[in-house]
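Notes to accompany the following structure.
Scope of the values below: all heavy atoms of this structure, side chains included, with no hydrogens, waters or symmetry mates.
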Amino acid sequence: MLSTLGYHVGTVQGEKTPIRRQILKYLLERQLPMVGSPAYTDEWGAPNSRERYQKLVRFLESFINSPQQQDNAAAIIMWSEDLEWVQTTYAHLVK
């Protein structure tokens, strides 16, 4: 889903912070396009839902903690900053 919406990190092909945040905002607040199967898209839940927030947080955490990314410091920093932004900006979705 993130890739389909244009979310990419890194120093070569990554988006700048404001663009990534706009993509994350869209992902959390808007109706999502069909990606893969209807079941996969449904896993993301409704806009502005706790389910969607938690799915995004899990995705970002999995990128940050992936052994495959341990040598990709720039990407880990960007994912971490985006995760912190999501958790701060959308904390109301988990209450």
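A side chain to side chain contact (heavy atoms under 4.5 Å, CB included) with Asp82 is found for exactly one of Ile23, Leu56, Leu2, Leu24, namely Leu24.
Atom-to-atom distance recorded for Gln69:CD and Ile64:CD1 is 10.5 Å, nearest 0.5 angstrom. Between the CG atom of Asn65 and the CD1 atom of Ile76 there is a distance of 8.5 Å, given to the nearest 0.5 Å. Atoms CG and CZ, on Leu83 and Phe63 in that order, are 11.5 Å from each other to the nearest 0.5 Å. Arg20 contributes atom CZ, which lies 12.0 Å from atom NE2 of His8 (distance to the nearest 0.5 angstrom). One distance of note links CZ of Arg58 with CD of Glu43; it measures 8.5 Å at 0.5 Å rounding. Put simply, CD on Gln54 and CH2 on Trp44 are 12.0 Å apart, with the number rounded to the nearest 0.5 Å.
Residue Met78 comes nearest to Thr11 through the heavy atom pair CE-N, 4.4 Å, listed as atom of the first residue, atom of the second, then distance. What you find for Pro33 and Thr41 is that their closest heavy atoms are O-CG2, 3.6 Å. Pairing each heavy atom of Glu15 with each of Gly6, the nearest pair is CG-O, 3.5 Å.
Formation of a donor-acceptor pair under 3.5 Å by the Thr88 side chain with backbone atoms of Glu84 is found in this model. Side-chain N or O atoms of Arg52 include one that pairs as donor or acceptor with a backbone N or O of Leu27 at under 3.5 Å.
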Side chain to side chain contact (heavy atoms under 4.5 Å, CB included) assessment of Val94 paired with Gln87 = CA-CA 9 Å; Val94 292; Gln87 290 174 321; over 6 Å; no
query = Do Met1 and Tyr40 pass the side chain to side chain contact (heavy atoms under 4.5 Å, CB included) test, and can you show the C-alpha distance, the side-chain angles, and the key distance before you say yes or no?
reply = CA-CA 9 Å; Met1 186 64 70; Tyr40 173 74; 3.7 Å; yes
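Heavy-atom contacts from other residues, nucleotides or ligands closer than 6.0 Å to CD of Glu51 number more than 12.
Ring geometry for Tyr90 versus Trp85: interplanar angle over 60°, hence perpendicular rather than tilted (30 to 60°).
Note on Ile19: it clusters hydrophobically with Tyr7, by side-chain heavy-atom contacts below 4.5 Å among ILVMFWY residues.
Side chains of Leu5 and Leu32 form a contact here, defined as non-hydrogen atoms less than 4.5 Å apart.
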